[in-house]
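Each remark here refers to the structure printed beneath this line.
Quick note: numbers below take in every heavy atom, side chains included, and nothing from hydrogens, waters or symmetry partners. Note on naming: letters A, B, ... go to the chains in the order of the sequence lines (proteins, then strands), and numbering restarts at 1 for each one.
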There are 4 protein chains.
Amino acid sequence: MRSIEYSQKDILIFNGVINLIKGGANPYLITVSEIAASAGVGKGTIYDYFESKEEVIKKAILFNFNNEIDYFYKKIATKKGFKEKYYEIFNSIVENLQNKFSTVNILMTLGKLPEFHISEKQDSCEFNKHILRIQAIIDDLLVSGYKEGIIKKIESQYYQNMVIKSSLFSFTNYMSMQMIYKETSVKEAMDAAYKIVIKSLN
Amino acid sequence: MRSIEYSQKDILIFNGVINLIKGGANPYLITVSEIAASAGVGKGTIYDYFESKEEVIKKAILFNFNNEIDYFYKKIATKKGFKEKYYEIFNSIVENLQNKFSTVNILMTLGKLPEFHISEKQDSCEFNKHILRIQAIIDDLLVSGYKEGIIKKIESQYYQNMVIKSSLFSFTNYMSMQMIYKETSVKEAMDAAYKIVIKSLN
Amino acid sequence: MRSIEYSQKDILIFNGVINLIKGGANPYLITVSEIAASAGVGKGTIYDYFESKEEVIKKAILFNFNNEIDYFYKKIATKKGFKEKYYEIFNSIVENLQNKFSTVNILMTLGKLPEFHISEKQDSCEFNKHILRIQAIIDDLLVSGYKEGIIKKIESQYYQNMVIKSSLFSFTNYMSMQMIYKETSVKEAMDAAYKIVIKSLN
Amino acid sequence: MRSIEYSQKDILIFNGVINLIKGGANPYLITVSEIAASAGVGKGTIYDYFESKEEVIKKAILFNFNNEIDYFYKKIATKKGFKEKYYEIFNSIVENLQNKFSTVNILMTLGKLPEFHISEKQDSCEFNKHILRIQAIIDDLLVSGYKEGIIKKIESQYYQNMVIKSSLFSFTNYMSMQMIYKETSVKEAMDAAYKIVIKSLN
DNA sequence: AATGAATGAGCATTCATTCAT
DNA sequence: GATGAATGAATGCTCATTCAT
């Protein structure tokens, strides 16, 4: 099932990268020295485990993406009702957006990250897996809504999907641009995003 | 009224940058030599007009942003009804998304671009102007919808705004991720996005 | 007699260079733009009158040297007695040393300046002329001293010459290193330098 | 006691610089590539040990200065009498002046070298140390002369100092300008310089 | 296995020089 | 004549990568 297994050292290095990015570093401007220092290993060690700087950063980002989706998935699974799950997502977004680099940012820019030159087959495959996992979260949500009668499943799969994504986009956009939405509280933004789902799916 | 006037040469250089980015180049990896070659000027000339590589790229991006919003604005203004305007936006998105780098991408990631280290007052101010212009487009749209009775203005300003942005996000997301939405046609994606607006604002 | 005639424009440009150097600029780090700005001419104009930046700076320095020696010579000629002439030199040194770049500095480092790559015949010839003019000043001084019986001309020409140069060196060294001779006044330094001459030539 | 310790690599690089300068290179025109080649290291290595090209050159010059003064000091200390010491200095000057860049040149232009932008506290302090060491040499000389009765210590400290410096200047000037003193032999120049001291201090 | 000193290719930037106006 | 916009060769400096230890 697990397509990629990483060694302890791999993960140590990934965390070096992730911490830099979470600390505000621009992935394109990170140096190998910084990664080595952040990971607490020698520069040479990085090249014992990876082919190039690009590979390290790319894999670290995907690794982190994976982990955050796992975490996201589990958190949502703890909640039972549609609305509870939905607001749990909002809370995760709030929590997550403290980091400059978060799954949420990725969910939002869905498909933007691969700009980090995802070209090789391996990467592309990895990326598809992420999409599927996000899809699973959305599907889980839709199922809940359907069961509870909140959603009347008369719409197309695509439409339902997009409603969820759009709604989440609205909240993420609020969070990341809070400075231009000074008159709206977090609670109001959550409610607005939720209202979009409810109205759009009825 | 115009806060910044650029010389012919400035614009020539901007276009060099813009063409590189539209051709798929990553703004962070562009070299001065590439800009010079793309603009058809000597490397030194760039430094006669700008302080640093960063300045050139940053200003070129903002310049292009400005121009595309102008173009967008004018195209939408030619249409009369709410639905016509809305579908004109969809068309502009389609047209625009051929470019890797488009206003639409920016609309979508609203607030993401400043990652190119927009920190100085000047830049920050420029950025605010862009936000206001996008807001003007959305307001114009809302006014049309209201006049035609498509929108019952009982919702908050924030909510209405977010509905529009979310709906547009859904279509932009479709366009930029077409590879994962193979079973949905462009027409269907437009209709779905439009349906989100209609349902959410009623 | 005059081996080199300079045009008004030549001199204008020379003064641009001289002013920069007197203002503390390092001859090796001066740019053509700076010279042009300082001289109040266009950069291209400089190349209408000279072959290269090096030529401009080299000739400007020699030109200034020439002028300052003229000035020096005339000032000393106004005084009659040996001691008066000698103290007039001291005064000129004081006056001159305000400038970072002065004949005095050159007198002191006699033979050091040509480091500015004096290699061509022309330059070398020019340089010899300067040496001869300095020699003339020293000879004039010696003649006065002899006439007044202050100097008993029993020493070799070389020795007499060196005594004068050494004595002047001592005062110039005092002036340019005043910060390390805080306990000695200008007057005392002059008197010390004069005493060296008197004692050495008797 | 030692205020600055340099690593082997530091010194390797310093020697690269020193050899270039001794070979006639102008400190202001030396390139990093030249230093690297001369030191037999990669260009990057230089930046592992120093902040900038300027720093390397400045420190190399001071380092060399230090070493040469050490050498000078030791050579003179081997001689016993005043006259022997004095002529030993002459010999060192002769030996030294083969180099374009020598302690002697510095002794002569005492205070001129800092033109290489010695501004920071560290540099200024370093420079003061050099002055003190030169002073120590002169003092040692004066003590010998006094003990032997060659000098009657009735003159001021400043005067005695300047006599020595002036006398040494005369010989250094002779050496560096030998081309204009063709009729005077090295021996005669030494004797003349010595005579200046003897006469001035009696 | 792990390191970090060493390297040099690569890039931003400067500036002497040219030349169209 | 005079100019200064334009150029690109030259150079300081960085940093991914290697390799001796």
Side-chain angles (χ1 to χ4, degrees), chain A residues 7-10 12-13 28-37 39-57, chain B residues 7-10 12-13 28-37 39-57, chain C residues 7-10 12-13 28-37 39-57, chain D residues 7-10 12-13 28-37 39-57:
Chain A
S7 72
Q8 297 276 164
K9 212 32 100 43
D10 286 333
L12 185 66
I13 294 168
Y28 286 105
L29 305 180
I30 289 175
T31 68
V32 175
S33 294
E34 284 167 346
I35 296 173
V41 300
K43 247 185 310 171
T45 305
I46 290 169
Y47 287 88
D48 289 339
Y49 292 85
F50 301 93
E51 294 286 313
S52 69
K53 183 183 77 157
E54 273 231 319
E55 189 196 334
V56 183
I57 296 176
Chain B
S7 71
Q8 299 271 168
K9 205 41 87 55
D10 285 334
L12 183 68
I13 294 169
Y28 286 105
L29 306 180
I30 290 175
T31 67
V32 175
S33 293
E34 283 167 350
I35 296 172
V41 300
K43 236 177 331 157
T45 304
I46 290 169
Y47 288 90
D48 287 341
Y49 293 85
F50 301 94
E51 295 284 314
S52 68
K53 185 183 74 156
E54 272 230 320
E55 190 197 334
V56 183
I57 296 177
Chain C
S7 73
Q8 298 276 166
K9 212 32 102 41
D10 285 333
L12 184 66
I13 294 168
Y28 287 104
L29 305 180
I30 289 175
T31 68
V32 175
S33 295
E34 284 166 348
I35 296 172
V41 301
K43 246 187 307 171
T45 305
I46 289 169
Y47 287 88
D48 289 341
Y49 292 85
F50 301 93
E51 294 286 314
S52 69
K53 184 183 77 158
E54 273 230 320
E55 190 197 334
V56 183
I57 296 176
Chain D
S7 73
Q8 300 272 168
K9 205 44 85 57
D10 286 333
L12 184 67
I13 294 168
Y28 286 105
L29 304 180
I30 289 175
T31 69
V32 175
S33 294
E34 284 167 349
I35 295 172
V41 301
K43 233 172 342 150
T45 305
I46 289 169
Y47 288 90
D48 288 341
Y49 293 86
F50 302 93
E51 295 285 314
S52 67
K53 185 183 75 157
E54 272 232 320
E55 189 196 334
V56 184
I57 296 176

Those residues at least two apart in sequence (or on a different chain) that pass ring-ring contact (aromatic ring centres under 6.0 Å, His included) with Phe50(B) are Phe14(B)
The criterion is side-chain contact (heavy atoms from CB on, under 4.5 Å); which residues satisfy it with Tyr49(D), sequence neighbours excluded?
Ser7(D), Lys9(D), Asp10(D), Ile13(D), Thr45(D)
Name all residues meeting the salt bridge (Lys or Arg N to Asp or Glu O under 4.0 Å) criterion together with Glu34(C); count only those two or more places apart in sequence or in a different chain, and write none if there are none.
none
Output the rounded distance in Å from CD (Glu55(A)) to P (dA16(F)).
15 Å
Separation of dG12(F) atom P from Ile35(D) atom CD1, nearest Å, is 8 Å
Separation of atom CD1 in Ile46(B) from atom P in dA9(F), rounded to whole Å
15 Å
Using atom CD of Glu34(B) as one end and atom P of dG10(E) as the other, report the distance to the nearest whole Å.
13 Å
Between atom CD1 in Ile13(B) and atom P in dA5(F), what is the gap in whole Å?
13 Å
Nearest-nucleotide comparison on DNA chain F, the residue closer to the 5′ end among Gly40(C) and Gly42(B)
Gly40(C)
If I compare all heavy atoms of Lys43(D) with all of Ser33(D), which pair ends up nearest, and what's the gap?
CD-OG, 3.5 Å
Can you check each nucleotide of nucleotides 13-21 of chain E against protein heavy atoms at under 4.0 Å and return B for base, S for sugar-phosphate only, - for none, in 5' to 3' order?
BBBSBB---
Give the dot-bracket string for DNA chain E, reading 5' to 3', where a pair is Watson-Crick or G-U wobble with both distances under 3.5 Å, ( ) marks pairs inside the strand, [ ] marks pairs crossing earlier ones, | marks a partner on another strand, and . marks unpaired.
.||||||||||||||||||||
Could you tell me the separation between the CD atom of Gln8(B) and the P atom of dA5(F), rounded to a whole number of Å?
15 Å
Donor-acceptor contact present, side-chain Lys53(B) to main-chain Ile35(B), <3.5 Å:
no
What is the distance, to the nearest angstrom, from the NZ atom on Lys9(A) to the C1' atom on dT3(E)?
11 Å
Does dA1(E) have OP1 or OP2 sitting under 4.0 Å from an N or O in the side chain of Tyr49(A)?
no
